[in-house]
Amino acid sequence: MKTLKRLIAILLVSTMSLGIFTACGNSEEESAFADVTTDVAEYTYASETTTEVEEVTEAEEETVVLSIYNDTAIVEAYKSGDPSSLSGDDLLIYQAAVDAIDVFYTDGMSDYEIVLATHDYVTTHVTYDMAEFNLIGSASADSSTPFGALIFGEAICMGYTTTFQLFMDMLGVESIIVSGSSDGEAHAWNMVCVDDNWYHVDCTWDDYVPDYEGRIPIHTYFMVTDEVIGLEHIWDKESTPVADSEDYVYFFTHGLYAETKEELKTILQASASEGELLAEVAVPVDSDWSAPYTTTMTVYAYWRMDFDSYSVIIYYFEEQYLD
């Protein structure tokens, strides 16, 4: 059955005009892409570069080197504008990636805007493969590659990471993959260089479960420093660039840092008035404010993460107040 699905997908792709995947703002391309993803829904991508990773204990606290998907052929095809050398799985990934880029990228974007748009696309179009936590069996090998993320819409950390890396390589933003551990298990994430400074980006940790359609992206681990990511991530710092700049911390650059409780209320009311079910905000790390309340906004829960110089809080709103 899986072999049949693979053949169907390849035949469909082979008969489509590549213009479908390269034309910007074309609703037909989304329809065509949906057809491809449906027809390969049961196909497992067999990547020679993907291997299972053994669990890492916190006691070991050692750097884990994860097997990484090689995107060289796809990136070269994208930059040359000639995918004729690609076939099978690589062609499917290429065309899905081009289709995605047409959705979130526009000419003239700055490197920061590219990183932000890519992060938000990945975290809102991919969901974590919960089979990773099964007592019997494990996540598909697809979930460690862009195939799982872009075709099936499911991934584990290496799938998120290699997909983000693929987009960075295709769009020309300097980026690397970091292999390490978190919560005592093997983990991977990215680092990007923007305006001569390096930052950590962890799409996996910004894509909590369960997902739901229309959920806004979260940026707790977007463009953060060594100090922030290092609270719960372990890696060989000698093998990576130093990330110590807060120039592009999302909350500081997007007006989402509240220094007073009144500023906090203003930010939350703005999100609620747009019909959002949650809002993200940063506050001083030593703040101890209760959740604000008005007649048009009720917070029923929140999640807080304390870093060195600021805390990130995700607030959840009562839906009946969002009319």
Side-chain angles (χ1 to χ4, degrees), residues 112 115-130 133 155-157 160-161 164 182-183 187 189-190 199-225 227-233 246 248-323:
Y112 172 78
V115 174
L116 176 59
T118 302
H119 167 277
D120 290 359
Y121 183 90
V122 171
T123 58
T124 55
H125 286 74
V126 182
T127 190
Y128 197 86
D129 185 353
M130 298 303 292
F133 303 114
I156 58 175
C157 68
Y160 282 90
T161 300
F164 182 89
S182 62
D183 290 340
H187 187 53
W189 63 97
N190 301 88
Y199 303 85
H200 294 267
V201 176
D202 192 336
C203 291
T204 310
W205 277 44
D206 273 345
D207 190 23
Y208 60 86
V209 291
D211 274 333
Y212 61 85
E213 186 175 354
R215 177 177 64 80
I216 66 171
I218 299 301
H219 304 88
T220 307
Y221 298 95
F222 172 75
M223 302 290 280
V224 297
T225 63
E227 190 167 32
V228 168
I229 206 77
L231 289 179
E232 297 181 274
H233 294 56
E246 291 188 339
Y248 283 112
V249 172
Y250 181 82
F251 306 96
F252 301 159
T253 59
H254 289 264
L256 297 175
Y257 181 72
E259 295 190 86
T260 67
K261 190 170 183 178
E262 283 304 309
E263 290 180 357
L264 172 62
K265 183 184 294 186
T266 298
I267 292 171
L268 297 187
Q269 284 180 320
S271 293
S273 66
E274 294 178 1
E276 303 293 355
L277 294 177
L278 60 84
E280 55 180 345
V281 63
V283 299
V285 71
D286 58 354
S287 64
D288 187 22
W289 305 324
S290 59
Y293 167 81
T294 70
T295 57
T296 59
M297 178 190 69
T298 295
V299 174
Y300 71 87
Y302 66 91
W303 174 90
R304 178 172 180 143
M305 184 68 187
D306 293 324
F307 299 119
D308 181 60
S309 59
Y310 62 93
S311 299
V312 175
I313 309 178
I314 310 297
Y315 289 94
Y316 300 84
F317 302 129
E318 292 282 4
E319 189 168 5
Q320 63 265 30
Y321 286 88
L322 303 181
D323 294 331

I need the [X] [atom1] to [Y] [atom2] distance, nearest 0.5 Å.
{"X": "Glu276", "Y": "Tyr316", "atom1": "CD", "atom2": "OH", "result": "13.0 Å"}
{"X": "Leu231", "Y": "Thr225", "atom1": "CG", "atom2": "OG1", "result": "8.5 Å"}
{"X": "Lys261", "Y": "Thr266", "atom1": "NZ", "atom2": "OG1", "result": "12.5 Å"}
{"X": "His254", "Y": "His219", "atom1": "NE2", "atom2": "NE2", "result": "7.0 Å"}
{"X": "Leu256", "Y": "Ile313", "atom1": "CG", "atom2": "CD1", "result": "12.5 Å"}
{"X": "Ile229", "Y": "Met223", "atom1": "CD1", "atom2": "CE", "result": "12.5 Å"}

Any [X] side-chain heavy atom under 4.5 Å of [Y] side chain:
{"X": "Val228", "Y": "Glu246", "answer": "no"}
{"X": "Phe307", "Y": "Val224", "answer": "no"}
{"X": "Tyr250", "Y": "Leu116", "answer": "yes"}
{"X": "His187", "Y": "Asp202", "answer": "yes"}
{"X": "Tyr128", "Y": "Ile156", "answer": "yes"}
{"X": "Ser271", "Y": "Phe317", "answer": "yes"}
{"X": "Asp308", "Y": "Val285", "answer": "no"}
{"X": "Tyr112", "Y": "Thr253", "answer": "yes"}

Legend entry - Asn190 side chain vs Thr161 backbone, donor-acceptor pair below 3.5 Å: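 Side chain of Asn190 to backbone of Thr161: a pair is present.
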Legend entry - Val115/Tyr248 under side chain to side chain contact (heavy atoms under 4.5 Å, CB included): CA gap, chis, key distance, verdict: CA-CA 11 Å; Val115 174; Tyr248 283 112; over 6 Å; no
Inset, instruction - Give the C-alpha distance, both sets of side-chain angles, the deciding distance and a yes or no for side chain to side chain contact (heavy atoms under 4.5 Å, CB included) between Ser182 and Trp205. - result: CA-CA 10 Å; Ser182 62; Trp205 277 44; 3.4 Å; yes
Return the minimal non-hydrogen interatomic distance between [X] and [Y], and the atom names on each side.
{"X": "Thr127", "Y": "Tyr160", "answer": "C-OH, 3.1 Å"}
{"X": "Ile218", "Y": "Ile314", "answer": "CG2-CD1, 3.9 Å"}
{"X": "Gly255", "Y": "Ile267", "answer": "O-CD1, 3.8 Å"}
{"X": "Glu280", "Y": "Pro217", "answer": "OE2-O, 3.4 Å"}
{"X": "Val299", "Y": "Leu268", "answer": "CG2-CD1, 4.4 Å"}
{"X": "Ser287", "Y": "Arg304", "answer": "O-NH2, 3.2 Å"}

Inset, instruction - Not counting sequence neighbours, list each pair that qualifies as a ring-ring contact (aromatic ring centres under 6.0 Å, His included) and has a residue in residues 255-289. - result: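 Sorted result for residues 255-289: Phe252-Tyr257.
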Inset, instruction - Apply side chain to side chain donor-acceptor pair (under 3.5 Å) to Tyr221 and list each qualifying residue two or more places apart in sequence or on a separate chain. - result: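 Only Glu232 meet the side chain to side chain donor-acceptor pair (under 3.5 Å) criterion with Tyr221.
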Inset, instruction - Assign the ring pair Tyr121 / His125 to parallel, tilted or perpendicular, where the plane angle (0 to 90°) is split at 30° and 60°. - result: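 Taking His125 first and then Tyr121, their aromatic rings lie parallel (interplane angle under 30°).
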